[in-house]
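Beneath this line is the structure, given in C-alpha coordinates, with notes to follow.
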Amino acid sequence: MPGRLLRGLWQRWRRYKYRFVPWIALNLNHNPRTVRYVPEESKDKVISDEDVLGTLLKVFQALFINDFNKQSDILTMLPETVKSKYHDLLSVQHPRVKLLEYRHQQQNIFKPEEILYKTLGFSVARATSSLISAGKGVFVTRGLVPKGAVVAMYPGTVYQKYEPIFFQSIGNPFIFRCLDGVLVDGNDKGISKVVYRSCNGRDRLGPLKMSDSTWLTSEICNPLAVGQYVNNCSNDRAANVCYQEFDVPAVFPIELKQYLPNIAYSCDKQR
(Lines give C-alpha, C1' and ligand atoms only; values in the text may rest on other atoms or scores of the structure.)
Protein backbone atom coordinates (compact mmCIF):
# COMPACT_ATOMS: atom_id res chain seq x y z
CA MET A 1 0.00 0.00 0.00
CA PRO A 2 2.72 2.62 0.88
CA GLY A 3 4.59 1.67 -2.29
CA ARG A 4 1.51 2.22 -4.45
CA LEU A 5 0.91 5.59 -2.79
CA LEU A 6 4.51 6.66 -3.41
CA ARG A 7 4.32 5.58 -7.04
CA GLY A 8 1.11 7.58 -7.43
CA LEU A 9 2.72 10.67 -5.89
CA TRP A 10 5.80 10.24 -8.08
CA GLN A 11 3.69 10.02 -11.24
CA ARG A 12 1.80 13.15 -10.25
CA TRP A 13 5.07 14.99 -9.58
CA ARG A 14 6.49 13.94 -12.97
CA ARG A 15 3.44 15.48 -14.67
CA TYR A 16 3.33 18.64 -12.54
CA LYS A 17 7.03 19.54 -12.18
CA TYR A 18 7.02 21.33 -15.55
CA ARG A 19 4.61 23.85 -13.99
CA PHE A 20 6.70 24.30 -10.81
CA VAL A 21 8.85 27.42 -11.25
CA PRO A 22 11.72 26.49 -8.86
CA TRP A 23 12.16 23.11 -10.59
CA ILE A 24 12.14 24.78 -14.02
CA ALA A 25 14.77 27.32 -12.91
CA LEU A 26 17.08 24.60 -11.55
CA ASN A 27 16.73 22.31 -14.57
CA LEU A 28 16.57 24.81 -17.40
CA ASN A 29 20.10 24.10 -18.60
CA HIS A 30 19.85 20.33 -18.19
CA ASN A 31 17.64 19.90 -21.23
CA PRO A 32 18.27 22.67 -23.76
CA ARG A 33 15.88 21.10 -26.27
CA THR A 34 13.00 22.45 -24.18
CA VAL A 35 14.17 26.02 -24.77
CA ARG A 36 13.84 27.57 -28.21
CA TYR A 37 16.12 30.58 -28.65
CA VAL A 38 14.64 33.34 -30.77
CA PRO A 39 16.78 36.51 -31.03
CA GLU A 40 13.93 38.63 -32.37
CA GLU A 41 10.18 38.18 -32.42
CA SER A 42 10.12 38.62 -36.20
CA LYS A 43 12.57 35.71 -36.61
CA ASP A 44 10.08 33.24 -35.18
CA LYS A 45 7.85 33.25 -38.26
CA VAL A 46 7.68 30.19 -40.47
CA ILE A 47 4.99 31.92 -42.50
CA SER A 48 3.96 35.57 -42.46
CA ASP A 49 1.18 36.95 -40.27
CA GLU A 50 -0.60 38.01 -43.46
CA ASP A 51 -0.73 34.40 -44.64
CA VAL A 52 -1.97 33.19 -41.26
CA LEU A 53 -4.69 35.85 -41.23
CA GLY A 54 -5.65 35.02 -44.81
CA THR A 55 -6.04 31.33 -43.95
CA LEU A 56 -8.18 32.04 -40.87
CA LEU A 57 -10.43 34.44 -42.76
CA LYS A 58 -10.86 31.96 -45.61
CA VAL A 59 -11.80 29.07 -43.32
CA PHE A 60 -13.99 31.13 -40.95
CA GLN A 61 -15.84 32.76 -43.82
CA ALA A 62 -16.55 29.37 -45.35
CA LEU A 63 -17.83 28.10 -41.98
CA PHE A 64 -20.02 31.19 -41.61
CA ILE A 65 -21.57 30.76 -45.05
CA ASN A 66 -22.08 27.04 -44.53
CA ASP A 67 -24.13 27.89 -41.43
CA PHE A 68 -25.74 30.93 -43.06
CA ASN A 69 -29.34 30.07 -42.12
CA LYS A 70 -28.45 30.13 -38.41
CA GLN A 71 -26.62 33.46 -38.66
CA SER A 72 -29.74 35.62 -39.16
CA ASP A 73 -29.58 37.19 -35.67
CA ILE A 74 -25.95 38.15 -36.22
CA LEU A 75 -26.59 39.56 -39.69
CA THR A 76 -29.27 41.93 -38.38
CA MET A 77 -26.61 43.64 -36.24
CA LEU A 78 -24.09 44.05 -39.04
CA PRO A 79 -23.72 47.05 -41.36
CA GLU A 80 -25.33 46.80 -44.79
CA THR A 81 -21.92 46.65 -46.45
CA VAL A 82 -21.07 43.48 -44.52
CA LYS A 83 -24.47 41.91 -45.21
CA SER A 84 -24.15 42.51 -48.93
CA LYS A 85 -20.70 40.87 -48.92
CA TYR A 86 -22.19 37.55 -47.86
CA HIS A 87 -25.18 37.80 -50.17
CA ASP A 88 -22.78 38.44 -53.04
CA LEU A 89 -20.69 35.42 -52.05
CA LEU A 90 -23.78 33.22 -52.07
CA SER A 91 -24.57 34.24 -55.66
CA VAL A 92 -21.29 33.03 -57.15
CA GLN A 93 -19.48 29.71 -57.07
CA HIS A 94 -16.40 29.66 -54.83
CA PRO A 95 -13.50 27.58 -56.22
CA ARG A 96 -13.23 25.51 -53.05
CA VAL A 97 -16.52 25.71 -51.19
CA LYS A 98 -19.39 25.12 -53.64
CA LEU A 99 -21.68 27.88 -52.45
CA LEU A 100 -24.27 27.40 -55.16
CA GLU A 101 -24.58 23.77 -54.16
CA TYR A 102 -25.08 24.92 -50.59
CA ARG A 103 -27.67 27.47 -51.65
CA HIS A 104 -29.80 24.98 -53.59
CA GLN A 105 -29.28 22.06 -51.20
CA GLN A 106 -29.39 23.71 -47.78
CA GLN A 107 -30.62 20.52 -46.19
CA ASN A 108 -27.17 19.00 -46.84
CA ILE A 109 -25.03 21.31 -44.70
CA PHE A 110 -21.37 20.33 -44.73
CA LYS A 111 -19.62 19.25 -41.57
CA PRO A 112 -16.80 21.55 -40.35
CA GLU A 113 -14.10 19.06 -41.34
CA GLU A 114 -15.57 18.92 -44.86
CA ILE A 115 -15.48 22.71 -45.06
CA LEU A 116 -11.82 22.62 -44.04
CA TYR A 117 -11.05 20.11 -46.78
CA LYS A 118 -12.95 22.05 -49.45
CA THR A 119 -11.25 25.28 -48.38
CA LEU A 120 -7.63 24.25 -47.73
CA GLY A 121 -7.40 20.85 -49.43
CA PHE A 122 -6.99 18.84 -46.22
CA SER A 123 -8.79 18.09 -42.99
CA VAL A 124 -7.52 17.25 -39.51
CA ALA A 125 -9.13 15.70 -36.44
CA ARG A 126 -8.16 14.66 -32.93
CA ALA A 127 -8.31 10.94 -32.23
CA THR A 128 -6.80 8.28 -30.00
CA SER A 129 -3.38 7.16 -31.15
CA SER A 130 -2.86 3.56 -32.23
CA LEU A 131 0.30 3.48 -30.10
CA ILE A 132 -0.06 2.01 -26.62
CA SER A 133 -0.42 4.66 -23.87
CA ALA A 134 0.14 7.45 -26.41
CA GLY A 135 -3.17 9.17 -25.65
CA LYS A 136 -4.84 11.49 -28.13
CA GLY A 137 -3.25 13.14 -31.13
CA VAL A 138 -4.09 15.06 -34.29
CA PHE A 139 -4.29 13.24 -37.61
CA VAL A 140 -4.68 14.33 -41.23
CA THR A 141 -7.88 12.54 -42.12
CA ARG A 142 -8.16 13.64 -45.72
CA GLY A 143 -6.07 15.33 -48.40
CA LEU A 144 -2.45 16.52 -48.22
CA VAL A 145 -0.97 19.33 -46.11
CA PRO A 146 1.34 21.59 -48.16
CA LYS A 147 4.54 22.93 -46.64
CA GLY A 148 4.01 26.11 -44.61
CA ALA A 149 0.26 25.60 -44.19
CA VAL A 150 -1.70 26.55 -41.07
CA VAL A 151 -2.78 23.16 -39.73
CA ALA A 152 -4.26 23.95 -36.30
CA MET A 153 -4.86 26.59 -33.66
CA TYR A 154 -3.96 26.29 -29.97
CA PRO A 155 -7.24 26.95 -28.14
CA GLY A 156 -7.72 28.08 -24.56
CA THR A 157 -7.80 30.90 -22.03
CA VAL A 158 -5.02 33.46 -22.44
CA TYR A 159 -3.30 34.58 -19.23
CA GLN A 160 -0.90 37.48 -18.83
CA LYS A 161 2.28 36.80 -16.82
CA TYR A 162 0.86 38.43 -13.69
CA GLU A 163 -2.51 36.65 -13.69
CA PRO A 164 -3.33 33.71 -11.37
CA ILE A 165 -3.15 30.24 -12.90
CA PHE A 166 -1.93 28.07 -10.00
CA PHE A 167 -5.06 25.96 -9.48
CA GLN A 168 -5.68 25.60 -13.22
CA SER A 169 -2.10 24.40 -13.67
CA ILE A 170 -2.27 21.46 -11.20
CA GLY A 171 -2.03 18.25 -13.20
CA ASN A 172 -2.51 20.21 -16.40
CA PRO A 173 -0.22 19.28 -19.35
CA PHE A 174 -1.95 21.69 -21.77
CA ILE A 175 -0.52 25.04 -20.64
CA PHE A 176 1.47 26.62 -23.45
CA ARG A 177 4.00 29.36 -22.69
CA CYS A 178 4.55 32.01 -25.36
CA LEU A 179 7.87 33.76 -25.96
CA ASP A 180 6.72 36.84 -24.04
CA GLY A 181 5.62 34.81 -21.01
CA VAL A 182 1.91 34.84 -21.85
CA LEU A 183 0.24 31.49 -21.05
CA VAL A 184 -2.49 29.70 -22.99
CA ASP A 185 -4.45 27.06 -21.07
CA GLY A 186 -5.69 24.54 -23.63
CA ASN A 187 -7.16 22.06 -21.16
CA ASP A 188 -10.73 21.07 -22.06
CA LYS A 189 -11.55 19.63 -18.64
CA GLY A 190 -11.82 20.61 -14.96
CA ILE A 191 -11.25 24.15 -13.70
CA SER A 192 -9.79 25.21 -17.06
CA LYS A 193 -13.04 24.33 -18.80
CA VAL A 194 -15.12 26.24 -16.24
CA VAL A 195 -12.90 29.35 -16.51
CA TYR A 196 -13.06 29.37 -20.31
CA ARG A 197 -16.85 28.99 -20.40
CA SER A 198 -17.20 31.80 -17.85
CA CYS A 199 -15.02 34.18 -19.89
CA ASN A 200 -16.81 33.14 -23.08
CA GLY A 201 -20.19 34.09 -21.62
CA ARG A 202 -18.80 37.30 -20.11
CA ASP A 203 -17.57 38.72 -23.43
CA ARG A 204 -20.66 37.92 -25.45
CA LEU A 205 -22.35 40.93 -27.07
CA GLY A 206 -25.99 39.97 -27.55
CA PRO A 207 -26.05 37.28 -30.28
CA LEU A 208 -22.44 38.09 -31.20
CA LYS A 209 -19.97 35.63 -29.72
CA MET A 210 -16.41 36.86 -29.25
CA SER A 211 -14.96 33.35 -29.08
CA ASP A 212 -15.74 29.70 -29.72
CA SER A 213 -16.35 27.24 -26.88
CA THR A 214 -17.26 24.18 -28.95
CA TRP A 215 -13.64 22.92 -28.81
CA LEU A 216 -14.50 21.94 -25.22
CA THR A 217 -16.97 19.41 -26.62
CA SER A 218 -16.92 16.57 -29.13
CA GLU A 219 -18.81 18.70 -31.69
CA ILE A 220 -16.18 21.24 -32.78
CA CYS A 221 -17.37 24.15 -34.97
CA ASN A 222 -13.84 25.28 -35.80
CA PRO A 223 -11.98 22.19 -37.09
CA LEU A 224 -8.60 23.92 -36.60
CA ALA A 225 -9.06 24.16 -32.80
CA VAL A 226 -7.11 20.98 -31.99
CA GLY A 227 -3.59 22.38 -31.57
CA GLN A 228 -3.24 21.41 -27.91
CA TYR A 229 -3.12 17.76 -29.01
CA VAL A 230 -0.29 18.30 -31.49
CA ASN A 231 3.13 17.13 -30.27
CA ASN A 232 5.71 19.82 -29.47
CA CYS A 233 8.24 20.48 -32.20
CA SER A 234 12.01 20.34 -31.78
CA ASN A 235 14.40 23.30 -31.87
CA ASP A 236 14.76 22.85 -35.61
CA ARG A 237 12.42 25.33 -37.31
CA ALA A 238 12.55 23.13 -40.38
CA ALA A 239 10.68 20.43 -38.47
CA ASN A 240 7.42 19.15 -39.92
CA VAL A 241 5.37 20.73 -37.13
CA CYS A 242 6.14 24.10 -35.56
CA TYR A 243 4.22 26.47 -33.31
CA GLN A 244 3.97 30.10 -34.33
CA GLU A 245 2.51 32.95 -32.32
CA PHE A 246 -0.07 35.19 -33.93
CA ASP A 247 -2.03 38.13 -32.52
CA VAL A 248 -5.53 38.54 -33.93
CA PRO A 249 -5.77 42.11 -35.28
CA ALA A 250 -8.32 44.56 -33.91
CA VAL A 251 -9.91 44.83 -37.36
CA PHE A 252 -10.80 41.11 -37.43
CA PRO A 253 -14.41 40.77 -38.73
CA ILE A 254 -16.73 40.74 -35.75
CA GLU A 255 -19.07 38.18 -37.32
CA LEU A 256 -16.17 35.69 -37.60
CA LYS A 257 -14.94 36.02 -34.00
CA GLN A 258 -17.37 33.28 -33.03
CA TYR A 259 -14.82 30.79 -34.46
CA LEU A 260 -11.79 32.07 -32.51
CA PRO A 261 -10.92 29.38 -29.90
CA ASN A 262 -9.16 31.79 -27.52
CA ILE A 263 -10.31 34.28 -24.96
CA ALA A 264 -8.47 36.59 -22.56
CA TYR A 265 -8.77 35.91 -18.83
CA SER A 266 -8.92 39.68 -18.24
CA CYS A 267 -11.70 41.36 -20.19
CA ASP A 268 -9.50 44.40 -20.91
CA LYS A 269 -6.80 42.31 -22.63
CA GLN A 270 -6.79 41.03 -26.18
CA ARG A 271 -4.40 38.44 -27.61
Side-chain angles (χ1 to χ4, degrees), residues 33 36 38 40-67 85 89 92-102 109-131 134-156 174 176 178-179 184 186 212 214-215 220-249 251-253 256-262 271:
R33 288 190 65 222
R36 188 156 49 96
V38 180
E40 298 177 27
E41 212 173 295
S42 60
K43 300 294 184 182
D44 194 40
K45 303 293 183 181
V46 178
I47 57 177
S48 67
D49 284 349
E50 291 74 17
D51 289 340
V52 175
L53 179 60
T55 297
L56 297 186
L57 290 176
K58 185 187 297 184
V59 173
F60 290 1
Q61 193 175 73
L63 291 170
F64 185 86
I65 293 173
N66 183 62
D67 200 28
K85 177 180 67 174
L89 283 172
V92 296
Q93 187 170 5
H94 192 281
R96 286 284 187 180
V97 186
K98 297 180 180 178
L99 300 176
L100 283 179
E101 180 181 347
Y102 164 78
I109 296 178
F110 295 116
K111 294 181 179 179
E113 56 267 26
E114 293 179 285
I115 292 296
L116 185 62
Y117 173 72
K118 291 174 181 293
T119 306
L120 300 184
F122 65 87
S123 59
V124 294
R126 63 186 182 190
T128 302
S129 174
S130 58
L131 300 177
K136 292 183 179 180
V138 175
F139 301 86
V140 179
T141 57
R142 192 177 179 188
L144 296 174
V145 180
K147 183 178 180 180
V150 176
V151 177
M153 303 177 68
Y154 200 102
F174 294 108
F176 183 83
C178 301
L179 292 174
V184 184
D212 172 37
T214 61
W215 64 273
I220 301 178
C221 287
N222 175 7
L224 294 174
V226 293
Q228 78 274 40
Y229 287 101
V230 177
N231 290 334
N232 293 329
C233 71
S234 66
N235 280 348
D236 184 8
R237 290 177 65 236
N240 292 331
V241 177
C242 186
Y243 286 110
Q244 180 171 310
E245 296 173 24
F246 172 75
D247 290 334
V248 177
V251 294
F252 197 84
L256 301 182
K257 287 187 175 182
Q258 60 182 296
Y259 302 111
L260 291 172
N262 300 99
R271 179 70 174 174

*asked:* side-chain contact (heavy atoms from CB on, under 4.5 Å) for M153 and F246? Distances and angles first, verdict last.
replied: CA-CA 10 Å; M153 303 177 68; F246 172 75; over 6 Å; no
_Residues forming a ring pair (Phe, Tyr, Trp, His ring centres under 6.0 Å) with F122, sequence neighbours excluded_ = none
_Using 0.5 Å steps for rounding, measure from the CZ atom of F60 to the CG atom of L53._
10.0 Å
*Look up atom CD1 in I220 and atom CG in D212, then write down how far apart they are to the nearest 0.5 Å.*
8.5 Å
*Which atom pair, heavy atoms only, marks the closest approach of P155 to G227?*
CD-N, 4.0 Å
*Applying side chain to side chain contact (heavy atoms under 4.5 Å, CB included), name anything that partners A127, two or more places apart in sequence or on another chain.*
F139
*Per the side-chain contact (heavy atoms from CB on, under 4.5 Å) rule, which among I47, V59, L120, V46 passes with V150?*
I47
*Considering only heavy atoms from C-beta outward, does the side chain of L56 approach that of L256 to under 4.5 Å?*
no
*Find the distance between CD (Q61) and OH (Y259) and round it off to the nearest 0.5 Å.*
10.5 Å
*asked:* For the CD1 atom of I115 and the SG atom of C221, what is their distance to the nearest 0.5 Å?
replied: 12.0 Å
*What pairs meet the side chain to side chain donor-acceptor pair (under 3.5 Å) rule with one or both residues in residues 139-155, with sequence neighbours excluded?*
S123-T141
_Those residues that, when tested against D51, pass salt bridge (Lys or Arg N to Asp or Glu O under 4.0 Å) (two or more places apart)_ = none
*Run the side-chain contact (heavy atoms from CB on, under 4.5 Å) check on F252 and L260 step by step: do they pass?*
CA-CA 10 Å; F252 197 84; L260 291 172; 4.2 Å; yes
_OG1 on T55 to CG on L224, rounded to 0.5 Å_ = 8.5 Å
*List the steps, then state whether side-chain contact (heavy atoms from CB on, under 4.5 Å) holds for Y243 with V230.*
CA-CA 10 Å; Y243 286 110; V230 177; 4.3 Å; yes
*Residues forming a side chain to side chain contact (heavy atoms under 4.5 Å, CB included) with P223, sequence neighbours excluded*: L63, P112, L116
*Which atom names give the shortest non-hydrogen contact between A149 and V145, and what distance separates them?*
CB-CG1, 4.0 Å
*Looking at CZ of F64 and CG of D67, how far apart are the two atoms once the value is rounded to the nearest 0.5 Å?*
8.5 Å
*Could you tell me which residues satisfy side-chain hydrogen bond (donor to acceptor under 3.5 Å, both in side chains) with N222, sequence neighbours excluded, listed by chain and number?*
none
*Kindly write out the residues that satisfy side-chain hydrogen bond (donor to acceptor under 3.5 Å, both in side chains) with Q228, not counting sequence neighbours, or none if the list is empty.*
none
